[in-house]
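Since the structure comes first, as structure tokens, the remarks are kept for the end.
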Amino acid sequence: MKTIEKFMDWLKRQKFWKVLLLALGCDFIWCFTIAAILFLSGAEFSQHVAKTEDLFFNSLFFLPFTTSSALLEEMIFRWGPMLILSYTLLWMYKSGRLSKERFFEVEKYAILALAIVSSIVFGWVHGSIWNVLLQGVSGLCFMLIYLRILFVRRDKGLRNRWQLVPLAESTLTHVLSNLILIIL
């Protein structure tokens, strides 16, 4: 757990664009490597890729769809579960069930478990078990962006009850990832 704490401390000190490029870079390298391995091994996985001429023909409609689907996925798989977790932990703290030290200890493990479970479900919903390797790991990259801004805002003492800024930044990352992967 100390390694994760050190990584999160390093992540909080970085600028948004640097973390965005890191997340997108890791996502692309992982996706292309795993997709190539799965393709060469003959595994069947769901990758709904349109033909290039179809993308060009439908380009006026493509960006709003990509943005809205990424926003919906971010709300379902990151924002909603993080809000529920945050409010549950806050309720437990205010009701006296958790001390301040215990709150932060429980929060670390709960966020780690939530990130792993939501990423697995995120990948599974995209198709099959093989999609967990592709979209599930992508979900972890998007969660890095979400957690970075969540903790940066909290450390600065900014009110962060609805977590809208982390939602916006992880959605931006998700949209960019979808656009680049589909266009390539």
Side-chain angles (χ1 to χ4, degrees), residues 1-31 67-126 129 131-178:
M1 203 59 184
K2 290 287 184 195
T3 305
I4 293 172
E5 288 177 26
K6 287 180 183 178
F7 177 72
M8 285 307 294
D9 286 339
W10 174 83
L11 196 62
K12 288 189 284 187
R13 292 190 307 268
Q14 305 307 312
K15 297 204 179 288
F16 168 72
W17 296 109
K18 187 175 184 178
V19 176
L20 176 71
L21 291 175
L22 174 71
L24 287 175
C26 290
D27 183 32
F28 296 138
I29 290 169
W30 178 261
C31 284
T67 305
S68 62
S69 64
L71 177 62
L72 184 63
E73 287 177 347
E74 289 298 315
M75 290 174 75
I76 292 170
F77 296 105
R78 253 164 294 295
W79 185 67
M82 282 298 292
L83 277 181
I84 292 168
L85 176 66
S86 297
Y87 279 106
T88 303
L89 290 175
L90 189 60
W91 172 78
M92 290 175 74
Y93 173 70
K94 287 184 176 180
S95 67
R97 297 172 197 238
L98 288 175
S99 64
K100 187 175 184 178
E101 297 80 28
R102 188 77 178 134
F103 172 84
F104 289 112
E105 190 67 30
V106 169
E107 182 188 46
K108 284 185 252 180
Y109 290 107
I111 287 175
L112 180 62
L114 177 76
I116 292 169
V117 169
S118 70
S119 294
I120 290 170
V121 173
F122 180 68
W124 187 266
V125 167
H126 277 83
I129 190 70
N131 292 86
V132 173
L133 288 172
L134 291 169
Q135 284 88 358
V137 174
S138 294
L140 283 175
C141 293
F142 304 149
M143 185 62 105
L144 281 178
I145 296 286
Y146 190 97
L147 291 176
R148 179 201 165 268
I149 195 64
L150 178 75
F151 291 132
V152 164
R153 290 180 60 82
R154 186 171 75 187
D155 290 353
K156 289 182 179 178
L158 298 172
R159 190 168 181 178
N160 208 22
R161 181 170 292 163
W162 288 102
Q163 302 176 10
L164 295 177
V165 175
L167 173 65
E169 291 192 359
S170 65
T171 302
L172 172 68
T173 307
H174 196 148
V175 168
L176 290 174
S177 175
N178 285 352

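Heavy atoms only: backbone and side chains are in, while hydrogens, waters and symmetry mates are out. Everything quoted here is computed from the prediction, not taken from an experiment. In this chain, numbering begins with 1 at the start of the sequence shown.
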Taking the side chain as everything from C-beta on, heavy atoms only, tell me whether [X] gets closer than 4.5 Å to [Y].
| X | Y | answer |
| --- | --- | --- |
| Ile129 | Trp124 | yes |
| Asp27 | Phe142 | yes |
| Phe16 | Ile145 | yes |
| Met82 | Leu114 | yes |
| Ile116 | Ile120 | yes |
| Asp155 | Lys12 | yes |
| Arg97 | Trp91 | yes |
| Trp30 | Cys141 | no |

Which pair of non-hydrogen atoms, one from [X] and one from [Y], has the smallest distance, and what is that distance?
| X | Y | answer |
| --- | --- | --- |
| Leu90 | Phe103 | N-CE1, 3.9 Å |
| Ser118 | Met143 | OG-CE, 4.1 Å |
| Ser138 | Cys31 | OG-SG, 3.4 Å |
| Ala70 | Val175 | CB-CG2, 3.6 Å |
| Thr88 | Ile84 | OG1-O, 2.6 Å |

Nearest 0.5 Å, what's the [atom1]-[atom2] distance between [X] and [Y]?
| X | Y | atom1 | atom2 | value |
| --- | --- | --- | --- | --- |
| Leu176 | Thr67 | CG | OG1 | 9.0 Å |
| Thr173 | Leu20 | OG1 | CG | 4.5 Å |
| Ser86 | Ile111 | OG | CD1 | 6.5 Å |
| Leu140 | Gln135 | CG | CD | 12.5 Å |
| Ser69 | Asn178 | OG | CG | 6.0 Å |
| Leu144 | Glu169 | CG | CD | 13.0 Å |

Determine yes or no for a side-chain-to-main-chain donor-acceptor pair under 3.5 angstrom, with [X] supplying the side chain and [Y] the backbone.
| X | Y | value |
| --- | --- | --- |
| Ser170 | Pro166 | yes |
| Arg148 | Gln14 | yes |
| Ser95 | Met92 | yes |

Check: Would you call Arg154 and Glu107 a salt bridge, taking side-chain N to carboxylate O under 4.0 Å as the test?
Finding: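 A salt bridge links Arg154 with Glu107.
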Margin query: Assess whether a salt bridge exists between Asp9 and Lys6, defined as any Lys/Arg side-chain N lying under 4.0 Å from an Asp/Glu carboxylate O.
Written below: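 No, Asp9 and Lys6 are not salt-bridged.
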Next item on the list: Give a yes or no on whether the ring-centroid distance for Phe122 and His174 is below 6.0 angstrom.
Entry: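 Judged by ring-centre distance (under 6.0 Å), Phe122 and His174 do meet the cut-off.
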Next item on the list: Could you tell me which residues satisfy side-chain contact (heavy atoms from CB on, under 4.5 Å) with Leu83, sequence neighbours excluded, listed by chain and number?
Entry: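 Leu83: side-chain contact (heavy atoms from CB on, under 4.5 Å) contacts with Trp79, Tyr87, Trp162, Gln163.
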Check: Is the CZ atom of Phe151 crowded by more than 12 outside heavy atoms at less than 6.0 Å?
Finding: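 Enclosed: over 12 neighbouring heavy atoms sit under 6.0 Å from CZ of Phe151.
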Next item on the list: Can you establish whether the number of heavy atoms outside Trp10 located under 6.0 Å from its atom CH2 is more than 12?
Entry: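 Above 12, so yes.
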Next item on the list: Could you give me the CA-CA distance, side-chain angles and deciding distance for Leu167 and Arg78, then say whether side chain to side chain contact (heavy atoms under 4.5 Å, CB included) is met?
Entry: CA-CA 8 Å; Leu167 173 65; Arg78 253 164 294 295; over 6 Å; no
Next item on the list: Would you please test Ser177 and Leu24 for side chain to side chain contact (heavy atoms under 4.5 Å, CB included) and show each step?
Entry: CA-CA 7 Å; Ser177 175; Leu24 287 175; 3.8 Å; yes
